[in-house]
Amino acid sequence: EKLLRDQDFTFLRTRLVYTGQIQKARQHIYPRFAQSLVADYRTMVDDNKAWQMLLSGSLYLPGFSRNHSLVLTAAWQGRDTARQYSFSNSFPFSRGYEAVNYPRMWRLGVNYHFPIVYPDWGFGQLLYFLRIRGNGFFDYTVGKSLRTGQTRNFNSAGGELFFDTRVWNQVPVTFGIRYSRLLDSQLVGPTQPNQWEFILPVNLF
C-alpha cells in the first residue's frame, strides 16, 4: 500500500532563452548567421531534494554554397544523485542511441544542411512539396558516473533526408528519415550499429 499511495511533489522551473539572427532568405534552410542559448533549471521546493540543469546552444554559419548551412551544437546537463525524484531527461543525446541519464553529460554536434531539389509539386489540395533537403551529422556525447568516476562515449554519424511540405496547401509540415551509424554501440544500447528512424513533427500529435 505504501508503494501505491499518491504523492505530491512541488518544484520550481527557471528557463532562460536567447536567440539572435540576421534576416533569412526564403530559400535558406537556416539563417546564414544565428545563435541560440538555453538554460533550464529545475529544483524541488518541498521536503524532497532533487535538481537538474541543462545548458545548450547552437551556432548557425554559412556553408560552402549560398543555401547551405553549417550548424554547431553543444549541451551540458547535470543532476543530483539523491534518487528522491527524477526529472524528465531533456538532454539531446547522440542520434541513434537510446538516451541514458547520467549525472553528468556533455554533447557536441556538427550538422551540414543542404537543399537537394525544389519539387514545387502537390496533389489535389492535400499535400504540397516545397523542398527536399539533406543533412549530414556527427554527434559526440560523453556520460559520467559520479559514483565511479567512469566516463563512456556515445558517438554517431549519419544522414537525414527531410521533406518540407504544406498540408492542405496551408500548414507547414516537415518529416523525414534518418540513418545513424553507432560508433560506440558495444557499450550501451542496441547492438545493431545501423539505425533507421522516421522523423515526424511533434505538432502532428
Side-chain angles (χ1 to χ4, degrees), residues 14-41 53-77 88-97 99 105-122 126-142 154-183 195-205:
T14 303
R15 182 178 173 88
L16 299 175
V17 179
Y18 165 80
T19 58
Q21 69 176 62
I22 63 174
Q23 190 172 5
K24 175 177 173 288
R26 184 176 182 181
Q27 288 194 331
H28 290 168
I29 298 173
Y30 295 107
R32 291 180 64 79
F33 182 72
Q35 59 281 327
S36 66
L37 297 171
V38 176
D40 193 339
Y41 179 71
M53 185 167 190
L54 172 65
L55 301 174
S56 63
S58 299
L59 178 63
Y60 299 81
L61 299 170
F64 295 110
S65 185
R66 176 175 297 180
N67 295 326
H68 292 199
S69 293
L70 174 65
V71 183
L72 307 178
T73 61
W76 174 88
Q77 181 173 280
S88 59
N89 183 15
S90 54
F91 183 79
F93 213 79
S94 288
R95 280 161 281 195
Y97 290 95
M105 292 189 288
W106 301 263
R107 177 182 181 268
L108 297 174
V110 179
N111 301 268
Y112 192 85
H113 296 267
F114 54 94
I116 298 175
V117 66
Y118 295 87
D120 283 334
W121 174 85
L126 301 178
L127 186 64
Y128 189 79
F129 288 88
L130 295 170
R131 175 174 56 195
I132 301 175
R133 55 186 173 90
N135 175 44
F137 68 84
F138 174 76
D139 291 336
Y140 171 80
T141 296
V142 178
F154 302 87
N155 302 325
S156 64
E160 298 168 325
L161 185 67
F162 292 102
F163 300 86
D164 295 329
T165 70
R166 288 190 182 274
V167 177
W168 314 119
N169 287 347
Q170 296 293 328
V171 183
V173 174
T174 295
F175 61 91
I177 187 170
R178 173 188 297 141
Y179 165 73
S180 303
R181 175 73 180 186
L182 308 189
L183 306 179
Q195 296 294 312
W196 293 89
E197 302 170 84
F198 287 106
I199 306 170
L200 296 175
V202 176
N203 58 8
L204 281 183
F205 308 99

Kindly write out the residues that satisfy side chain to side chain contact (heavy atoms under 4.5 Å, CB included) with Ala157, not counting sequence neighbours, or none if the list is empty. Phe138
Of all residues at least two apart in sequence or in a different chain, which pass the ring-ring contact (aromatic ring centres under 6.0 Å, His included) check with Tyr179? Trp196
Can you measure from NZ (Lys24) to CZ (Arg32) and round to the nearest 0.5 angstrom? 12.5 Å
List the residues meeting side-chain hydrogen bond (donor to acceptor under 3.5 Å, both in side chains) with Arg166, not counting sequence neighbours, and say none if there are none. none
Set of residues satisfying side chain to side chain contact (heavy atoms under 4.5 Å, CB included) with respect to Tyr18, sequence neighbours excluded: Gln35, Leu37
Under a 4.5 Å cut-off applied to non-hydrogen side-chain atoms, are Val173 and Leu127 in contact? no
Please list, chain by chain and in numerical order, all residues satisfying ring-ring contact (aromatic ring centres under 6.0 Å, His included) with His113, sequence neighbours excluded. Tyr30
Please check this pair: side chain of Asp139 against backbone of Arg95, looking for a donor-acceptor N/O pair closer than 3.5 Å. yes
Report the distance from atom CD1 of Ile29 to atom CG of Asn111, rounding to the nearest 0.5 Å. 11.0 Å
Closest contact, heavy atoms only, Asn155 versus Tyr97: O-OH, 2.8 Å
Check whether any side-chain heavy atom of Ile132 lies under 4.5 Å from a side-chain heavy atom of Leu161, and answer yes or no. yes
Quick check for you: to the nearest 0.5 Å, what is the distance between His28 atom NE2 and Gln23 atom CD? 10.5 Å
Would a 4.5 Å heavy-atom cut-off, applied to side chains only, mark Val38 and Ser58 as touching? no
Return a table of donor-acceptor pairs under 3.5 angstrom between the side chains of residues 61-76 and protein atoms on other chains or two or more places apart.
from	atom 1	to	atom 2	distance (Å)
His68	ND1	Tyr112	OH	2.8
Thr73	OG1	Arg107	NH1	3.3
Thr73	OG1	Gly109	N	3.4

Please identify each residue that fulfils side-chain hydrogen bond (donor to acceptor under 3.5 Å, both in side chains) with Thr19, with sequence neighbours left out. none
Thr174 meets the side-chain hydrogen bond (donor to acceptor under 3.5 Å, both in side chains) criterion, sequence neighbours left out, with Asp164
Does Ser180 use its side chain to pair, donor to acceptor, with the backbone of Gly158 at less than 3.5 Å? no
Under 4.5 Å between any side-chain heavy atoms of Tyr60 and Gln21, yes or no? no
Those residues that, when tested against Arg178, pass salt bridge (Lys or Arg N to Asp or Glu O under 4.0 Å) (two or more places apart): Glu160, Glu197
At what distance, to the nearest 0.5 angstrom, does OH of Tyr41 lie from CE of Met53? 8.0 Å
Test ring-ring contact (aromatic ring centres under 6.0 Å, His included) applied to Phe175 - qualifying residues, sequence neighbours left out: Phe163
side-chain hydrogen bond (donor to acceptor under 3.5 Å, both in side chains) against Ser156, all qualifying residues, sequence neighbours excluded: none
